[in-house]
Every structure is written in structure tokens, then in C-alpha cells.
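The block underneath contains the structure these notes are about, expressed in C-alpha cells.
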Amino acid sequence: MTAIGSIRRRLFLQLAAVAAFLAIALFFSIRSVAEQAAADTQDSILTASATSIADALYSEGGEIRLELPYSALSMLSSAGQDRVFYSVLSGETILTGYADLPRTRSASDSTQFATQNYRGDEVRFATLTRSLSAAGASKLVTITVGQTQDGLATISSEITRTATTIGAAFFAVAVTLSLLAAQTAIAPLQRLTSAISRRGPNDLRPVKAATTSELVPLVDGLNSFIHRLRSALARSEDLITEAAHRVRTPLATVRTQAELIHRNMEKDDNRTAVRQMIRALDESSRSAGQLLDHAMVTLRTDKMEPEQIDLAALIGDVCDRLTPTADLKDIRIRFTSSDPPVRAMADPILLQNALHNILDNAIKYSPSDTEISVTLEDGKQHILTIIDQGRGFGDTDVDALTGRFERGANVGSVLGSGLGLTIVADVVRAHDGTLFLGPNPERTGACVSLYLPSA
Amino acid sequence: MRFLLIEDNQQLGSALSQRFALDGHVVDHVMLLEAARDAIKTVSYDLILLDIMLPDGDGRSFLKHRRNAADQAPVIVLTARSEVSDRVGLLDLGADDYIVKPFDFSELEARCRAVLRRRGGAAGNAKTFANVIFDSSTGALTVAGQDKTLRNKEIRLLEVFFSAPAQIFSKTHLLDRLFSFSEDVSENAIEVYVGRIRKKLEGSGAAIETVRGLGYRMVER
């Protein structure tokens with residue numbers, strides 16, 4: 001199935017984008033507030049400096065005089081490498097300081113600020129105008145104090161660094177939280193998925209896992225689908241059983257009738273024809289039976305629930321059950337076992353079916369008046385060995401024999417569906433066991449061994 | 001011996017009845033469980049053959065019902081269901097054995113014989129020839145008062161000879177009676193089994209005679 005994007009990734013990317021936007025906004029707001037604060041600080045110091053110069057003005061003999069206070073400039077010099085410029089003008093006449101400072105005039109008793117290029121540097125100027133009375137006349141004195149902005153630039157870059165760190169940290173935390181949030185958001189979906197995918201292929205019970213309200217319609221839809229599937233399967237199972245019954249009974253009728261005819265028939269040619277007819281009947285009913293058995297075994301191995309069984313008793317039952325069939329060919333089934341009970345965890349019906357298939361094969365391929373030995377050894381593993389005196393596997397690739405519809409190279413005219421050993425292999429695999437096919441170690445014949453883990 | 005056959009398929013029931021009649025058994029064929037219940041009230045059967053799916057109910061209910069009854073004739077179930085789980089359940093319900101349709105009649109015969117022998121069945125079909133007593137339904141052979149054990153093919157061969165003493169049976173005929181349809185055997189195989197029967201009949205008043213070019217027959221010595 002192709003996925004069109006991922007909810008988690010989409011959710012995460014959206015949250016991360018918001019986080020990035022917020023981090024950048026945070027960076028700029030921190031920087032602008034802090035730089036504004038730094039600039040304000042510089043302005044206040046410049047104002048204080050200008051004011052203290054203004055306060056040191058006095059008039060003497062009609063002349064404006066100034067005793068430049070040391071503190072007025074020292075308060076500015078504290079800010080590192082910055083150079084300081086000042087000028088005091090009385091009207092247009094320079095009283096002291098740099099004559100070439102940009103001349104501005106501020107409203108009376110308020111400070112005017114300006115940033116201008118002076119002698120190749122960006123300089124922040126504060127200009128204060130005072131009116132003083134000298135010799136009965138009022139004179140305007142303009143005090144300008146300037147400072148280069150190197151200190152401010154240093155502070156600004158520090159602020160930028162700090163703001164970057166804070167922004168990045170915020171972004172990192174926000175991204176982590178976004179991941180968590182995306183994970184939490186899809187967690188119910190994942191729980192639902194694992195509840196469904198954990199099921200065996202035949203578990204068709206409705207989904208009951210508790211889930212969030214958003215997922216309820218999905219679960220409801222799923223359950224109704226499961227319900228429909230289950231009834232469809234039940235119908236086909238019924239159909240198989242019914243079909244088996246409907247086909248097998250007429251087959252039995254035909255076979256019995258054919259046997260009667262065969263028995264009462266005089267001409268050898270006709271007898272051969274009826275014989276062939278009966279063999280064909282046997283072949284078709286055998287195939288049908290094995291196909292049904294194989295379907296049953298597949299179904300059961302999928303939802304296998306092993307139980308504690310007595311392996312020796314189970315094998316004994318199957319041997320007893322097949323004794324009349326073996327008797328027809330005067331074949332003796334000899335079963336030897338370690339002292340019963342031999343405990344094992346297994347599905348008895350599956351094991352019976354597998355063993356039935358192995359013994360049925362042994363009887364089928366053995367000539368009359370022979371023996372089939374069934375041995376159960378109880379050790380680290382249960383080892384079940386069935387040895388017959390039949391034709392064996394010949395040159396057949398024994399590994400291929402467990403495939404569906406595979407038959408040995410030397411089966412001759414013996415009827416078979418090619419499913420018997422497939423069933424055996426499936427059952428053994430479902431029990432975590434191993435199946436070995438080989439020759440009878442002492443004479444011609446086959447040896448089938450099942451290694452099953454001990455309980 | 002008297003068998004009760006409960007089978008709703010008319011043709012299969014009558015074919016089986018005819019086939020059993022060839023071996024000298026009497027078969028009462030009923031098609032409903034109700035008729036079967038009536039039949040076992042009045043007749044004591046040696047063996048019951050029961051189909052599982054019947055128009056008026058499940059053969060299993062008949063099995064359950066019979067379990068509590070005093071009458072203990074053995075039951076062999078004829079089932080059309082090949083699923084192992086179904087088959088195992090039948091034995092748990094008290095069936096003595098089961099056979100899956102369609103079946104080889106000789107296998108059904110062998111199973112009947114095994115069940116009857118296990119139950120120590122009444123010697124219903126014993127036939128006497130000279131001083132030899134043979135019961136084909138249990139496979140018991142008594143030669144001059146001595147019990148002999150027989151294997152399956154020996155039983156079937158003796159059954160043929162006892163069915164018509166003095167009649168000559170061809171090798172082909174004997175071959176058909178002795179070997180199932182799935183076996184490929186040569187006519188020489190018959191000589192082996194005739195040899196074995198001769199050994200079992202040693203010292204008795206009966207003998208198997210070779211009729212050159214025609215076959216074998218059982219004669220008094």
C-alpha cells in the first residue's frame with residue numbers, strides 16, 4: 001500500500017515551523033529591547049554629563065565662564081575605549097572644547113540627541129541649551145557632548161549572542177516537545193495497529209481495544225468488516241463440509257455398486273475395466289479428502305493451542321486405528337515406546353493427522369506380509385521413528401517431497417495425492433520440530449523421523 | 001450375523017445390504033433414526049452401522065442415547081466428513097470405530113471383524129466342513145478342536161472356500177477376493193496363501209486341492 005505522507009511527520013513539521021517562527025521573533029524582540037536599553041543608558045549618561053557641565057557654568061564680569069568638572073567627562077570614559085567629544089558655545093562663540101562639532105540647538109532646558117558621523121566615526125551627541133544671565137543680558141549657552149559607539153557595539157554583539165543562544169535553546173526545546181506531541185497524538189493509532197497486527201490470521205473477533213473518540217468510527221467500520229468476513233468464512237466452511245458430504249455419499253454408493261458388479265462379473269476384460277473405474281474413484285476421493293485435511297491443518301496450525309498430552313497414548317491410538325487397514329495386507333504395526341506416559345505439549349488432532357498420514361503412506365507403499373515399526377524415544381527431544389519395508393524413497397529428492405502435490409519418482413501405480421507429507425511437514429513445523437526422511441537403515445524401505453521438543 | 005444399517009441414502013444402503021448378503025449376513029436397512037430406535041427395541045443386533053447426517057437428526061444423538069441403554073451392540077460410524085476433529089469426537093461419543101466414505105468394502109469388513117473380535121462377538125456365522133469350524137465374521141478357525149490363528153488374507157481365502165465347498169475357484173477370482181483394488185499383484189501370490197492355508201489345515205479332514213489349469217477347491221480328505 002502506498003502511504004501519502006505521515007501524520008506524525010506532518011504534525012511535527014507544522015509544530016517545528018511554529019517553533020522556528022517563535023524563536024526568530026524572540027531573538028529579534030530580545031535584541032531590540034536590550035539594544036534600546038543600552039542606547040537609552042548611553043543617552044542618559046550623555047544627558048547627565050551635559051547637565052553637569054551646564055551646572056558648572058557661571059557668569060563673571062559679564063562673561064560666561066566655565067570650570068569644566070572632571071566628573072562630567074569621567075562618567076563617560078568608564079565605558080571602555082570610547083572617545084568623548086564636547087563643546088560649549090556661548091551664542092556662536094566657542095567657550096571650550098572642539099570647535100568643529102556639529103552645531104545643533106535644542107529647545108531650552110531639554111536635551112536633543114543625534115547620531116552623526118564625526119571624524120570618521122559614528123558619534124552620539126547630546127545637546128543641551130541653557131540660558132544664563134551675564135551683565136544683565138541673557139545669553140544662550142549650548143553644551144554638546146558626544147561619544148563614539150564602540151562600547152555600544154560590543155554590548156550589541158553580546159546581546160545578539162545571548163539572544164541567539166536563547167532563541168536556539170527555545171527552538172531546541174520546542175522541537176523536542178513537538179516530537180513528543182506528535183508521538184502522543186498518534187499513539188492511539190499505533191496501539192490500534194499493533195492490536196490488529198498481533199492477531200493470528202484466523203482471529204476474527206471484533207477489535208475491543210480502548211481508543212480515542214476520533215478513532216471510534218474507524219474501529220466500528222473495521223469491526224463491521226470483520227463481522228462480514230467472518231460470516232463469509234463460516235459460509236465457505238459450511239459449504240466445504242456440505243460439499244464433502246454430498247460428494248462422498250454418492251461416491252460410496254458408486255464404489256459399493258462397482259464392487260458388487262466386479263464380484264459378480266464373469267469376463268476378465270470387464271473385471272479389469274471395473275477395477276480401473278474403482279481405482280479412479282479412489283484417487284478422486286483420496287485427493288478430495290487430503291485437500292480438505294490440508295485446509296484443516298493449515299487453519300489449525302495458524303491458531304494452534306498446544307495442550308498437555310500423552311504422546312505414547314496418542315501414537316498407540318493411531319496405530320490401533322490403522323491396524324485393520326494394515327491387516328488387509330497382513331502388515332504388522334509394532335509400536336515400542338519408553339515407559340508411558342510420555343508428556344508433550346502439542347495439538348493432539350494435528351499430531352494424529354500427521355501420524356495417520358505417515359502410517360497410511362507406510363501401509364500403502366509396503367508389500368504384504370511386512371512389518372512397520374513405530375518407535376518413540378523420550379530424551380531431550382521426543383524422537384518418533386517410523387520404519388517400513390516398502391519401496392523407500394528411491395532416487396527422489398526427499399526435501400522436495402514435502403512440497404504440495406509432489407510425489408516420489410518411484411511411486412509406480414500407487415494412488416496418492418501428493419499432500420500427505422506436506423501435511424506432516426506443516427504439523428511438525430507448527431510444533432517447532434524437525435522432520436527427517438531417509439532410507440530404512442537395515443533393508444529397503446523408508447524411515448521417517450519426527451523430532452519434537454520436550455515439554 | 002444380523003446387522004442394522006442406518007443410512008439415509010437408499011442406493012448406498014441397498015448396495016451395502018446386498019454386499020453383506022454375499023457374505024451370508026442379514027442386514028436390516030433403515031433410513032431414519034426413529035426407525036433405528038424402534039428396530040433395536042425388538043431385535044438384538046450383532047453390529048450397528050450408522051451414518052452421521054440423517055434427515056431426522058444427527059447420528060451423534062443416537063450414539064449418546066445408546067450409551068445409556070443396556071443394549072451394547074458395537075457401532076461403526078460411516079462418515080462423510082473427513083475432518084480429523086469430527087472423527088475423534090465420534091470415538092469419544094462411544095462409537096467403536098468409524099470409516100470415511102467412500103470406502104473399500106474389504107476395509108469395512110475388516111473393521112467389522114476387528115470390532116466383533118474385540119467385543120468377543122457371538123459365533124454367529126460359524127460353518128463346519130469335515131472337522132473344521134470356521135467363523136468368517138470373527139476369523140476364528142478350529143481344526144479338530146484346536147484353535148488356530150489366521151491372518152487377514154488367510155481368513156478371506158478360507159471365506160471363499162467355505163462359501164461354496166467343492167466349487168472350483170480360478171486364480172483370478174481368488175486374486176480379486178484377496179487383494180484390494182489398490183494393490184498390484186501377480187497370480188503367483190495366490191500360491192503363497194494357498195500354501196499357508198494348507199499348513200493350517202494339516203491334520204484335518206479338509207484339504208485344498210489344485211485343479212490343474214482351472215484353480216483350487218476345498219475337498220474332504
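Here is how names work: the chains are called A, B, and so on, in the same order as the sequence lines, proteins then strands, and each is numbered from 1. Bear in mind that the values here come from a model prediction, so they are computed numbers and not experimental data.
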- Check: D330(A) main-chain N/O paired with K153(B) side-chain donor or acceptor under 3.5 Å: no

- Query: Is the cationic atom of R263(A) (NZ for Lys, CZ for Arg) positioned less than 6.0 Å from the six-membered ring centroid of F105(B) and within 45 degrees of its normal?
  - Reply: no

- Item | Under 4.5 Å from a heavy atom of chain B, the part of K329(A) involved | both

- Message: If I take atom OH from residue Y193(B) and atom OG from residue S368(A), how far apart are they, to the nearest 0.5 angstrom?
- Response: 4.0 Å

- Query: Can a salt bridge be assigned to the pair R275(A) and D176(B) using a cut-off of 4.0 Å between side-chain N and carboxylate O?
  - Reply: yes

- side chain to side chain contact (heavy atoms under 4.5 Å, CB included) assessment of D104(B) paired with E259(A): CA-CA 9 Å; D104(B) 191 333; E259(A) 277 194 63; 3.9 Å; yes

- Task: Verify the neighbour count for atom CD of E371(A): are there more than 12 heavy atoms of other residues, nucleotides or ligands below 6.0 Å?
- Result: yes

- Item | R196(B) and D369(A): CA distance, side-chain angles, deciding distance, side chain to side chain contact (heavy atoms under 4.5 Å, CB included) verdict | CA-CA 12 Å; R196(B) 286 190 191 165; D369(A) 287 306; 2.9 Å; yes

- Item | Nearest-0.5 Å distance that lies between atom CG in N152(B) and atom CG in D327(A) | 5.5 Å

- Specify which of H173(B), Q11(B), E107(B) makes the most heavy-atom pairs with chain A at under 4.5 Å. E107(B)

- L22(B) vs L260(A) side-chain heavy atoms within contact, under 4.5 Å: yes

- side-chain contact (heavy atoms from CB on, under 4.5 Å) with P102(B): which of T256(A), T249(A), L251(A), V254(A)? L251(A)

- Message: Taking side chain as everything from C-beta outward and backbone as N, CA, C, O, which of these in R156(B) sits under 4.5 Å from a heavy atom of chain A? Side chain, backbone, both or neither.
- Response: side chain

- Side chain, backbone, both or neither of E7(B) within contact of chain A (heavy atoms, under 4.5 Å): side chain

- Message: Using every non-hydrogen atom in the two residues, find where L328(A) and A110(B) come nearest and quote the distance to one decimal.
- Response: CD2-CB, 3.8 Å

- Query: What part of I278(A) lies closer than 4.5 angstrom to a heavy atom of chain B: side chain, backbone, both or neither?
  - Reply: side chain

- Name the region of T172(B), side chain, backbone, both or neither, that has any atom closer than 4.5 Å to a heavy atom of chain A. both

- Item | From S180(B) atom OG to D282(A) atom CG, the distance as rounded to the nearest 0.5 Å | 8.0 Å

- So which part of R271(A) gets closer than 4.5 Å to some heavy atom of chain B, the side chain, the backbone, both or neither? side chain

- Query: What part of L108(B) is in contact with chain A, defined as an atom under 4.5 angstrom from a non-hydrogen atom: side chain, backbone, both or neither?
  - Reply: neither

- Query: Of the non-hydrogen atoms in V100(B) and R248(A), which two are nearest, and what is the gap between them?
  - Reply: CG1-NH1, 3.3 Å

- Message: Looking only at side-chain N and O atoms, does R111(B) offer a donor or acceptor that is under 3.5 Å from a partner on T325(A)?
- Response: yes

